[in-house]
2 protein chains.
Amino acid sequence: MTKSPTKAATAKTPKPKPDAGGEAAVPVSNRAMRAAERRDAIVEAAMEEFIARGFAATRLDDIAKRAGVAKGTIYLHFKDKESMFEELVRTVIVPVVARLNALPPPTGSVRDLIETFAGNFLKEVIGTRRGDLVRLIVAEGPRFPAVADFYYREVVSRGIAGMRALIELGIARGEIRERDLARYPQILVAPAMIAVIWQSLFERHAPLDAQDMLRVHLDLIFGERRTT
Amino acid sequence: MTKSPTKAATAKTPKPKPDAGGEAAVPVSNRAMRAAERRDAIVEAAMEEFIARGFAATRLDDIAKRAGVAKGTIYLHFKDKESMFEELVRTVIVPVVARLNALPPPTGSVRDLIETFAGNFLKEVIGTRRGDLVRLIVAEGPRFPAVADFYYREVVSRGIAGMRALIELGIARGEIRERDLARYPQILVAPAMIAVIWQSLFERHAPLDAQDMLRVHLDLIFGERRTT
DNA sequence: TATTTATGACTGACTAGTCAGTCATAGTCA
DNA sequence: TGACTATGACTGACTAGTCAGTCATAAATA
């Protein structure tokens with residue numbers, strides 16, 4: 001994504017930048033647009049590299065090369081490697097949170113709600129780049145309190161609160177038996193997190209059918225299986 | 001640190017005198033003994049540093065200093081930084097696995113067995129150095145296939161197999177309703193893993209009563225709470 | 001042309017790994 | 001037993017290399 005067809009071809013390109021055809025929308029100045037494009041390319045490249053090598057072992061030269069940009073350009077957008085990492089996490093996570101917040105169409109049973117949510121999670125996180133980001137946060141969190149704080153505030157605490165609300169609704173409606181579950185929404189989420197980590201580490205040893213696993217887990221919580 | 005004669009300054013063994021006689025059994029030569037001691041000191045120091053900083057950001061100089069040893073000494077025991085890391089993981093994990101293998105005294109209900117197991121896990125892993133090691137493996141696994149392989153082979157696959165056996169026993173005895181659980185022992189273990197990670201990352205934001213959480217989870221699996 | 005933006009060669013700090021030399025200990029002999 | 005030699009564990013200064021961050025210069029843009 002954002003691979004932006006153009007500049008990708010190394011900085012070498014003499015820039016056949018005719019823009020003749022009218023390049024569609026040019027909302028901001030052409031210049032600002034290209035700058036934003038570059039920033040995105042850098043973020044994407046950095047994400048790739050950080051996930052693959054971790055913070056300390058990632059070289060800015062590699063990020064620059066992958067982004068098709070000179071190293072100095074990175075410093076036009078970010079103060080240093082560390083703050084780049086922190087901003088990166090924010091940049092990638094914020095839209096996901098926004099999407100999840102706009103989720104619940106209050107229809108059907110609580111189980112349906114949660115199942116929909118799990119489906120989205122499955123599609124959008126487990127086994128994707130974003131899943132790897134989660135693993136990266138787990139990995140680097142202790143060395144980046146700012147990242148851990150941010151992640152807790154924006155993702156974990158909200159997620160826990162949302163899940164708790166759903167659980168309480170489920171209890172009130174009689175869908176969920178175990179009343180103590182509301183005290184530990186982590187239990188509801190745990191298998192999904194495990195699936196994320198499993199895919200990163202052990203997929204090649206023993207592939208995991210995350211979807212099916214989550215279904216079994218929901219059966220456990222909501223009682224007997226609902227007829228599919 | 002002042003090279004002076006008593007460089008042994010580390011807590012490790014002032015060892016002012018070899019005292020030939022006393023010391024009951026001195027099976028190996030004094031020399032070999034001290035070498036082994038040093039190796040242990042290095043392993044311990046390396047564990048500390050790797051957990052705190054991750055593989056790439058850890059300096060061998062720091063490990064040496066913490067172990068009270070010169071840098072060159074490390075290379076008498078390990079080929080290089082990478083294989084030191086790998087051996088370290090083995091060294092720390094093997095005894096734990098050994099202990100777990102010698103565990104189940106086949107008494108009581110399946111729930112009792114699992115509860116005992118969870119209690120041990122709580123005491124020995126969650127919130128301890130070993131828990132941090134687990135997080136470290138999650139963090140570095142993708143960059144150290146050898147470590148991930150080892151961990152999968154020695155810990156994960158055995159743990160999953162063991163849990164599956166317990167679950168099947170529980171189903172056979174009618175203690176566990178959800179038959180599909182046997183296909184995903186991960187579900188049984190997930191909250192414990194989450195607890196490990198939570199303690200590492202979010203304890204200061206929101207402390208987690210892991211013991212209580214695991215109890216609730218078992219209630220979920222085994223049906224109504226058993227009278228404590 | 002003047003100004004803004006991008007480049008990449010360069011620098012300086014830092015570190016994994018080496019190795020010639022030291023010295024406590026084990027071994028040998030008178 | 002005491003003296004003398006051999007061993008090899010240990011040391012730490014050093015080398016060769018790496019990489020984050022800088023900045024003079026070039027390119028693009030207005």
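Order of the sequence lines sets the chain letters (A, B, ...), proteins ahead of strands, with each chain counted from 1. Computed over heavy atoms, backbone and side chain alike; hydrogens, waters and symmetry mates excluded.
- A/Arg90 has no carboxylate O lying under 4.0 Å from a charged side-chain N of A/Glu87, or vice versa, which leaves the two without a salt bridge.
- The nearest whole Å value for the distance from the CZ atom in B/Arg39 to the P atom in D/dG8 is 19 Å.
- Results of the ring pair (Phe, Tyr, Trp, His ring centres under 6.0 Å) test with B/Phe85 over B/Phe78, B/Phe50, B/Phe150 single out B/Phe50 as the only residue that passes.
- In this structure, B/Arg59 places its CZ atom 9 Å from C1' of C/dC14, rounding to the nearest Å.
- Here the C1' atom of nucleotide D/dT11 and the CD1 atom of B/Ile74 are 12 Å apart, to the nearest Å.
- Each of A/Thr58 and B/Ala70 was matched to the nucleotide of DNA chain D holding its nearest heavy atom; the match closer to the 5' end belongs to B/Ala70.
- We find that CD of B/Glu37 is positioned 13 Å from P of C/dT25, with the value rounded to whole Å.
- With rounding to whole Å, B/Tyr75 atom OH is found 15 Å from D/dA13 atom C1'.
- B/His77 has a side-chain polar atom (N or O) that falls below the 4.0 Å cut-off from OP1 or OP2 of D/dC10.
- When distances are taken from the side chain of B/Arg38 to each of D/dT11, C/dT15, C/dA6, the shortest belongs to D/dT11.
- Here the side chain of B/Lys71 is nearest to one of C/dT7, D/dG21, D/dA13, namely D/dA13.
- The nearest heavy atom of DNA chain D to A/Ala56 and to A/Gly72 marks one nucleotide each, and the one closer to the 5' end goes with A/Ala56.
- Pairing each heavy atom of B/Ile137 with each of B/Ile93, the nearest pair is CD1-CD1, 3.7 Å.
- The distance from atom NZ of B/Lys81 to atom C1' of D/dT18 is 12 Å, rounded to the nearest whole Å.
- Straight-line distance from the CD1 atom of B/Ile42 to the P atom of D/dC10: 8 Å, rounded to whole Å.
- Between A/Lys65 and A/Asp62 there is no salt bridge, since no side-chain nitrogen of the basic residue lies less than 4.0 Å from a carboxylate oxygen of the acidic one.
- Atom CD1 in B/Ile63 sits about 11 Å away from atom C1' in C/dA16, given to the nearest Å.
- Within the nucleic acid shown, B/Leu76 comes within 4.0 Å of at least one base atom, counting heavy atoms only.
- Salt bridge status for B/Glu48 with B/Arg129: present, with a side-chain N to carboxylate O gap under 4.0 Å.
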